[in-house]
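Since the structure is predicted, the reported quantities are computational estimates derived from the model, not experimental observations. Convention: sequence-line order gives letters A, B, ...; per-chain numbering from 1.
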Number of protein chains: 2
Amino acid sequence: MRNKRLKDIKEKLAARDYRLTPQRELILEIFAENSDRHLSAEEIYDLIRQKNPDIGLATVYRTLELLEDLKVIQSINFGDGCARYEFTGDRHHHHHLICLECGEVEEVDEDLLEKLEQSIEEKHGFRITDHQVKFYGICRRCQEKFATT
Amino acid sequence: MRNKRLKDIKEKLAARDYRLTPQRELILEIFAENSDRHLSAEEIYDLIRQKNPDIGLATVYRTLELLEDLKVIQSINFGDGCARYEFTGDRHHHHHLICLECGEVEEVDEDLLEKLEQSIEEKHGFRITDHQVKFYGICRRCQEKFATT
DNA sequence: GTACGTGCAAATTGTTTGCAGCGTG
DNA sequence: CACGCTGCAAACAATTTGCACGTAC
């Protein structure tokens, strides 16, 4: 299954005459191993150097740009001053819960947005292709922290 | 009415021992005159210099930070590499429609999110204090442009 | 051998900071 | 006079770019 994904990506690349180089594969590996996190370019760079110290930060940025173009990953801004990425893959659409206290990011499965989208398309004549929903607040753990203080 | 808003802001500032200087007032004026747009720091800087050429970019940034702190304005990231701002004012909460073709940003009145928020609070124990919803797609005008081509 | 890819260093861009001087309560 | 506020220039941090070399079809 994992190999299928890799093969898919390789085909997407090939369709544009791009190659699946060891560096690119390593970056994809990092993503697969950290699918629960939202890594920044710098963080990916640090992780990747543990596997291959000779990789350049510019390569990381270039690869991220490429993968985003191919819609393999997508960039999200959590307001901490750098872009963060996540696999788009075949995953179900989801929202993000951002804790204002500890910065932790949780994910919630998509729900209840179809009706809203439909009404917007009708009222505004705007054809929606994607959306991004973020909720800010205090996560359960931080609420408990406060409660016991 | 407008004056009331200004007076409110002045009070908010005073509550923290800050002053409503001519520069700050000018920036608020720019916001009022461009309430249909989402200006970036640089754009505000350019507009403001037409009124007073001696103002510094750093002052703009510092004022924006201050006004955001006071919740007079709020920052939004539309993915174009810089922060953009809008009055929070007494306006109704709203979503943003971002056209991937021309970059134009439209606003939609808030709707239908209460149920979703409630279910998230219950399932995740996450206390939501704010949210941000963006829809990406093609605006009416761009669709028409394509249709006639 | 012709592109694509890479690492490195330098360049760019949005934003922040240090500092000396100004102005207002 | 104390302190907030300013403009300017320098500092910073995330990201991009130029370039010469490497490498896969």
Side-chain angles (χ1 to χ4, degrees), chain A residues 9-30 38-70 72-85 103, chain B residues 9-30 38-70 72-85 103:
Chain A
I9 295 172
K10 193 166 182 176
E11 277 166 16
K12 278 193 185 179
L13 285 165
R16 296 222 215 161
D17 280 322
Y18 295 138
R19 299 171 197 153
L20 185 57
T21 63
Q23 288 92 331
R24 289 175 184 172
E25 212 171 326
L26 261 184
I27 289 178
L28 288 167
E29 202 177 307
I30 297 284
H38 296 90
L39 299 168
S40 66
E42 211 91 28
E43 284 169 353
I44 292 168
Y45 178 55
D46 287 343
L47 288 169
I48 218 163
R49 292 175 96 189
Q50 296 168 13
K51 304 190 180 213
N52 175 357
D54 287 339
I55 211 162
L57 181 55
T59 301
V60 173
Y61 274 106
R62 279 186 284 231
T63 302
L64 290 173
E65 193 189 350
L66 179 58
L67 292 176
E68 200 181 354
D69 257 26
L70 296 175
V72 171
I73 59 174
Q74 90 191 93
S75 137
I76 315 170
N77 191 301
F78 291 117
D80 63 344
C82 63
R84 295 183 169 276
Y85 296 85
Chain B
I9 295 172
K10 192 165 183 177
E11 277 165 17
K12 278 193 185 182
L13 286 165
R16 298 220 214 163
D17 281 322
Y18 296 140
R19 299 175 195 148
L20 184 57
T21 64
Q23 288 91 332
R24 289 175 184 171
E25 212 171 326
L26 260 185
I27 290 179
L28 289 166
E29 201 177 307
I30 296 283
H38 296 90
L39 298 169
S40 67
E42 212 90 30
E43 285 169 352
I44 292 168
Y45 179 55
D46 287 344
L47 288 169
I48 217 165
R49 291 175 95 190
Q50 297 168 13
K51 303 188 179 213
N52 174 358
D54 286 337
I55 211 160
L57 181 54
T59 300
V60 174
Y61 274 106
R62 279 187 284 232
T63 302
L64 291 173
E65 194 190 349
L66 178 60
L67 292 176
E68 199 181 354
D69 258 24
L70 296 175
V72 171
I73 58 173
Q74 92 189 94
S75 137
I76 315 170
N77 190 300
F78 291 117
D80 64 343
C82 63
R84 295 182 168 276
Y85 297 83

With a cut-off of less than 4.0 Å, is there a side-chain N or O of T21(A) near OP1 or OP2 of dT6(C)?
yes
Contact residues, residues 23-30 of chain A to DNA chain C [heavy atom, < 4.0 Å]
Q23(A), R24(A)
In terms of heavy-atom contacts, Y45(A) and I55(A) come closest through CE1-O, 3.5 Å
Provide, to the nearest angstrom, the distance between the OH atom belonging to Y18(B) and the P atom belonging to dG4(D).
8 Å
L66(A) vs R16(A), side chain to side chain contact (heavy atoms under 4.5 Å, CB included): CA-CA, chis, key distance, verdict:
CA-CA 11 Å; L66(A) 179 58; R16(A) 296 222 215 161; 5.6 Å; no
Write down the distance between NZ (K10(A)) and P (dA24(D)), rounded to a whole number of angstrom.
12 Å
Given side chains that start at C-beta, do those of I48(A) and E29(A) come closer than 4.5 Å, heavy atoms only?
no
Measure from CG on L13(B) to C1' on dG25(C) and round the result to the nearest Å.
15 Å
Does anything in residues 54-63 of chain A reach DNA chain C, meaning a heavy atom under 4.0 Å, and if so which residues?
D54(A), I55(A), G56(A), A58(A), T59(A), R62(A)
Beyond-backbone contact of L28(B) with L20(B), side-chain heavy atoms, under 4.5 angstrom
yes
What I'd like to find out is whether the side chain of I76(A) reaches to under 4.5 Å of the side chain of H38(A), using heavy atoms alone.
yes
Rounded to whole Å, how long is the line connecting atom CD1 of I48(A) with atom P of dT6(C)?
10 Å
To the nearest angstrom, the CD-P distance between E42(B) and dT13(C) comes to 10 Å
Which is more 5' along DNA chain D, the nucleotide nearest N52(B) or the one nearest R19(A)? Just name the residue.
N52(B)
Donor-acceptor contact below 3.5 Å, side chain R24(B) vs main chain R19(B)
yes
Nearest atoms (heavy-atom pairs only) where V60(A) meets A41(A):
CG1-O, 3.7 Å
Any side-chain heavy-atom pair from L13(B) and I9(B) closer than 4.5 angstrom?
yes
Measure CG/L70(B) against P/dG4(D) and give the value in whole Å, please.
15 Å
Length of the CG-P vector between L20(A) and dG5(C), whole Å:
10 Å
Y45(B) atom OH is separated from dC8(D) atom C1', nearest whole Å, by 10 Å
If every non-hydrogen atom of E68(A) is compared with every non-hydrogen atom of S75(A), which pair is closest and at what distance?
OE2-CB, 3.3 Å
